Protein chains: 2
Amino acid sequence: MAVHKHSKKRDAILECVRSTASHPTAEWVYAQLKPQIPDLSLGTVYRNLAMFKQEGLIGSMGVVDGMERFERNTEPHTHFICHQCSAVIDVMDVDPPTHLGSQVGCGSVQDCILTFTGLCNQCVSNSAKA
Amino acid sequence: MAVHKHSKKRDAILECVRSTASHPTAEWVYAQLKPQIPDLSLGTVYRNLAMFKQEGLIGSMGVVDGMERFERNTEPHTHFICHQCSAVIDVMDVDPPTHLGSQVGCGSVQDCILTFTGLCNQCVSNSAKA
DNA sequence: TTAGAAAATAATAAAAATTCTTATTTTTAT
DNA sequence: ATAAAAATAAGAATTTTTATTATTTTCTAA
């Protein structure tokens, strides 16, 4: 029933994504694990993240600043993107208006994606100081 | 008052984006114009699209399948993305729920982006035939 | 209208993110 | 333990986009 084999590296990559609320890039995951697993290869991170995503073990909220952002939360939910520091934050209190899908005039709608952008709290603070 | 100079190529690039309801990539614009302007360079298309976008003469709805999608409509509006053929279609009848921005708990919200995904009519037809 | 400064362009190199290739190593079922 | 199957490292290759530089075009104003 196992859909794939396990390896120390593979497990570490999955655990890395699952243990952060941030929305990491492949490069970030690689940088996190490299100290503990010195012979880890970036290609392995890319390959496994793609596999986990396809199997639904992790999610991806899309590309921000040219880099794909993975996430542990695989349920549809709203995001906030800071266009200063590119932080991606889950907005659990505001649900995407899925019901509006019936009003979309084209094609057959499957998903509804809601995203807010602006300055995150940290960048707001930094702006005030500057 | 002119914010930039004009050239035949520059004007053609802007007109190309303004005359289509599709959400073209730089490559697409280049392919459209190349037959009429054989010495057009792809770098020129990229450079001018970036400039038009910065000046607010055109918009960009983001990156789909690794390619930035420009658009003539610079007003905030909803999009539909076909995840089969990557077509991007404006959804003018459903407005992004901007008012929900006040319920977002993090940072200072500036924009609200609403996107639907699914199969466009053409891909639905093609699926039925197959 | 024409000279000359400023900006735009073509061609090409370079950068950045991601994917592919291949030889080797690890995992897992037997 | 063994052998087949899958995973990995290293590095090459691809893809999209940006930067560099020599040349050409645009625009200003004399």
Side-chain angles (χ1 to χ4, degrees), chain A residues 1-17 22-55 57-71 81 85-86 88, chain B residues 1-17 22-55 57-71 81 85-86 88:
Chain A
M1 194 55 206
V3 66
H4 60 67
K5 292 186 177 180
H6 282 266
S7 79
K8 196 174 169 181
K9 288 164 187 172
R10 173 164 290 174
D11 296 344
I13 291 165
L14 180 56
E15 186 51 30
C16 181
V17 176
S22 78
H23 293 68
T25 64
E27 190 72 53
W28 186 90
V29 171
Y30 175 72
Q32 289 295 115
L33 298 176
K34 187 70 173 173
Q36 310 147 41
I37 311 174
D39 70 334
L40 180 65
S41 182
L42 184 55
T44 297
V45 176
Y46 273 106
R47 180 165 30 78
N48 281 291
L49 288 175
M51 202 196 66
F52 293 145
K53 175 182 162 186
Q54 170 156 334
E55 290 179 1
L57 296 177
I58 63 173
S60 165
M61 58 75 62
V63 172
V64 176
D65 274 346
M67 275 130 86
E68 182 165 13
R69 304 294 288 264
F70 297 91
E71 62 184 345
I81 303 173
C85 70
S86 298
V88 176
Chain B
M1 193 54 204
V3 67
H4 60 68
K5 291 186 177 181
H6 282 266
S7 79
K8 195 173 170 182
K9 289 165 187 173
R10 172 163 290 176
D11 295 345
I13 291 165
L14 181 56
E15 185 52 29
C16 181
V17 175
S22 78
H23 293 68
T25 64
E27 190 72 53
W28 186 89
V29 170
Y30 175 71
Q32 289 294 116
L33 298 176
K34 188 69 173 172
Q36 310 147 43
I37 311 174
D39 71 333
L40 180 66
S41 184
L42 183 55
T44 297
V45 175
Y46 272 106
R47 180 165 30 76
N48 281 290
L49 288 175
M51 202 197 66
F52 292 145
K53 175 182 161 185
Q54 172 156 333
E55 290 178 1
L57 296 175
I58 63 174
S60 165
M61 59 73 63
V63 173
V64 176
D65 274 347
M67 275 130 88
E68 182 164 15
R69 304 295 289 264
F70 298 91
E71 62 184 345
I81 303 174
C85 70
S86 297
V88 176

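Here the structure is a predicted model, which is why all the values come from computation and not from measurement. Naming: A, B, ... by sequence-line order, numbering from 1 per chain.
- Atom P of nucleotide C/dA8 and atom CG of B/L40 are separated by 15 Å, given to the nearest angstrom.
- The side chain of A/T44 places an N or O atom within less than 4.0 Å of a non-bridging phosphate oxygen (OP1 or OP2) of D/dA9.
- In this structure, B/I13 atom CD1 and C/dA10 atom P are separated by 8 Å, rounded to whole Å.
- If you measure from atom NE2 of B/H4 to atom P of C/dA7, you get 13 Å, rounded to the nearest angstrom.
- Residue A/R10 places at least one side-chain N or O closer than 4.0 Å to OP1 or OP2 of D/dT8.
- Contact between A/P24 and A/S22 at its shortest, heavy atoms only, is CD-O, 3.0 Å.
- By the neighbour-count criterion of 12 heavy atoms within 6.0 Å, atom CD of A/Q54 is sparsely surrounded, having that number or fewer from other residues, nucleotides or ligands.
- Counting distance only, with no hydrogens placed and no angle test, the side-chain atoms of B/K9 and the base atoms of C/dA8 include no donor-acceptor pair under 3.5 Å.
- Heavy atoms only, all atoms of each residue included: A/Y30 and A/S41 are closest at CE1-C, 3.8 Å.
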Letter per nucleotide, 5' to 3', of nucleotides 16-21 of chain D [B base touched, S only sugar-phosphate touched, - untouched; heavy atoms, 4.0 Å]: SBB---
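- Checking side-chain atoms of B/R10 against main-chain N and O of B/N48 turns up no donor-acceptor pair under 3.5 Å.
- Note: A/I37 CD1 to A/T44 OG1 = 10.0 Å, rounded to the nearest 0.5 Å.
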Base-pairing string, 5' to 3', of DNA chain C - Watson-Crick or wobble, under 3.5 Å, | interstrand: ||||||||||||||||||||||||||||||
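- By the neighbour-count criterion of 12 heavy atoms within 6.0 Å, atom NZ of A/K34 is densely surrounded, having more than that number from other residues, nucleotides or ligands.
- The two residues B/L42 and B/A26 make their nearest non-hydrogen contact at CD1-O, 4.2 Å.
- Residue A/K8 places none of its side-chain N or O atoms closer than 4.0 Å to OP1 or OP2 of D/dA7.
- Atom NZ of B/K5 and atom P of D/dT24 are 16 Å apart (whole Å).
- One can place CD1 of B/I37 at 14 Å from C1' of D/dT25, the figure rounded to the nearest angstrom.
- Between the CG atom of B/L33 and the C1' atom of C/dT9 there is a distance of 15 Å, given to the nearest Å.
- Closest to the B/N48 side chain, of the nucleotides D/dA6, C/dT9, D/dC27, is C/dT9.
- The two residues A/V45 and A/I13 come nearest to each other via the heavy atoms CA-CD1, 3.9 Å.
- The CE atom of B/M51 sits 10 Å away from the C1' atom of C/dA8 (whole-angstrom rounding).
- For the atom pair CZ of B/R69 and OG of B/S60, the computed distance is 10.0 Å after rounding to the nearest 0.5 Å.
- Between A/S41 and D/dT8 there is no side-chain N or O to OP1 or OP2 distance below 4.0 Å.
- Remark: P of C/dT28 and NE2 of A/H6 are 7 Å apart, rounded to the nearest angstrom.
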